[in-house]
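In what follows, a single structure is set out as C-alpha cells and then discussed.
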Number of protein chains: 2
Amino acid sequence: MANEVQSLDEIDQAILEALAGNARISLKELAQQVGLSSPSAAERLRRLEERGVVKAFTIDLDPAAVGYPLQAIVRVRPLPGQLHMVERIIQDIPEIVECDKVTGEDCFIARLVVRSMAELDGLLDKVAERAETNTAMIKASPVKRRLPPLSRRK
Amino acid sequence: MANEVQSLDEIDQAILEALAGNARISLKELAQQVGLSSPSAAERLRRLEERGVVKAFTIDLDPAAVGYPLQAIVRVRPLPGQLHMVERIIQDIPEIVECDKVTGEDCFIARLVVRSMAELDGLLDKVAERAETNTAMIKASPVKRRLPPLSRRK
DNA sequence: CAGATTTCCCTCATATTATTAGGCGATATC
DNA sequence: GATATCGCCTAATAATATGAGGGAAATCTG
C-alpha cells in the first residue's frame, strides 16, 4: 500500500491529532478545530485514509473491564525449524492481542491478556514444545499509546 | 475508575466488535448491526464509555506513512536509583509511542518509531547513563492489535 | 508569457443521521 | 398488588453529512 512518506501539512497534522484524541469527532467539530469547512475537512480525512496514513479507526478497550485483569509481554524464541508453526499458533491464540516479529534471539514479542496466571500458563503451554518463552507481567503503563511527532519530517 | 469486571451481554460484545472494526461507524449502522434502534444503541455506547470499558476512540496510524520507517522494541533496565528518572525520560521522548512497566530484570518495555538507526541511537543515548537497554527492530506484525475474546467471562 | 488544467477551498441545498420526547413492557422491590 | 426501574421502541425535531456548483491560487504546457 501507500507506505511511502507522504507530505503532511499542518492541517493534516491537526486532523490526525484531533482524531487520535477522539476518532468519533463530528466532521463539523473537526472542521472547526482545523480551520476548514466541513466538506473540506471531510475530503482531507478521506485522503488520509486513502493514502493509508490513517489505517483504521479503532477503540482503546480496557482489558480489565472485560475480564482480563492481567497483561503480559511474552518473548518467544522458536526452536529450530519451528518458526512458522509458532507464528501460526500465536495468531490462533485469541488472547494474544498483538505480536511483532523482531530481530534478535527472540523472534516474537507478544502482548497477552489473561484472567489469571493459570490461564497464562495454559496459553504458554501451547508453544512450550516448539519455543522458549520469557514472560513479563505488565505492572503499569507510563506511556499509553500516543502519536509520534508529526512535524519536522524530511 | 471502573476497572471492575462488568457484565457484557451479547449486544455489548457486538457493539465493541463493530467499533473495533470502524470506530467512526454511524449510530444508525451500529444499531442495525446489533439489532437495536438507534437511540438504544447510542445509550449502550454511552454506557460502555461511562463504565470505562471503551477508554477512547482512536486511530491506527501508519508510522511509515508519516516518516517513521523503523520501529523498535526496547527493553530498559534502569541502573540502581535511576528508576524514576528513567521513567520521566521515557515519557519525555515523543518517539516512544508506548511503554509498559513490567516485572523482571527489564523494568520497561517501550515501543519506538524512528526515521533511522542513527536517530534510534540518539534516543537511546538519552538513557544510556541511567539504564541498560536491549533493542529489537520490528520486522513484521503477524498479529496486529485486536480485541481479546469477549464472551465466556466468569 | 498566456492560457489551460489541476488542486484545494468555499457556500448552499438536499439527504441523512443524531438526539430528544414520550411511551411501553418486563423485571425488581416494597 | 402497587410502584419504581430498566431497557427498549417510535416519531418529531435538531444537527450533521454529503453533493453540487463555483472561485482562487498554483501548476503545467505550448
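Keep in mind that what you see is a predicted model, and the values were worked out from it rather than measured. Chain identifiers are assigned alphabetically (A, B, ...) following the order of the sequence lines, protein sequences preceding nucleic acid strands; residue numbering begins at 1 within each chain.
A:N22 meets the side-chain contact (heavy atoms from CB on, under 4.5 Å) test with A:R24, A:I25, B:F57; sequence neighbours excluded. Taking A:R145 as the reference, A:E98, B:E98 meet the salt bridge (Lys or Arg N to Asp or Glu O under 4.0 Å) condition, with sequence neighbours excluded. When the side-chain contact (heavy atoms from CB on, under 4.5 Å) test is applied to B:A136, the partners found at least two apart in sequence or on another chain are A:V102, A:T103. Listed by chain and number, the residues in a side-chain contact (heavy atoms from CB on, under 4.5 Å) with B:D125 are B:A128 (sequence neighbours excluded). Residues meeting the salt bridge (Lys or Arg N to Asp or Glu O under 4.0 Å) test with A:D12, sequence neighbours left out: A:R44. Every salt bridge (Lys or Arg N to Asp or Glu O under 4.0 Å) that B:E105 has, sequence neighbours left out, goes to B:R77.
Protein chain A touches strand DNA chain D; the 5'-most and 3'-most nucleotides with an atom under 4.0 angstrom of its non-hydrogen atoms are D:dT16 to D:dG19.
With values rounded to the nearest 0.5 angstrom, B:R146 atom CZ is found 12.0 Å from B:E17 atom CD. Annotation: the span from B:L27 atom CG to B:S40 atom OG amounts to 11.0 Å, rounded to 0.5 Å. For the atom pair A:E95 CD and A:E119 CD, the distance stands at 5.0 Å (nearest 0.5 Å). The distance from atom CG of B:L19 to atom CG of B:L45, rounded to the nearest 0.5 Å, is 5.5 Å.
An angle of 30°, rounded to 10°, separates the two end axes of the helix from C:dC1-D:dG30 to C:dC30-D:dG1, each defined over five pairs.
Applying the salt bridge (Lys or Arg N to Asp or Glu O under 4.0 Å) test to pairs two or more places apart or on separate chains, none has a residue in residues 25-34 of chain A.
Against DNA chain D, the stretch residues 21-34 of chain A makes heavy-atom approaches under 4.0 Å through A:S26, A:L27, A:K28.
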Filtered N/O pairs between nucleotides 6-9 of chain C and protein, under 3.5 Å:
residue	atom	partner	partner atom	Å
C:dC9	OP1	A:R44	NH2	2.7
C:dC9	OP2	A:R44	NE	3.0

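Through side-chain heavy atoms spaced under 4.5 Å, either directly or across other Ile, Leu, Val, Met, Phe, Trp or Tyr residues, A:V127 is tied to A:L70, A:V74, A:V76, A:L83, A:M85, A:V86, A:I89, A:I90, A:I93, A:I96, A:F108, A:L112, A:V114, A:M117, A:L120, A:L123, A:L124, A:M137, B:V143.
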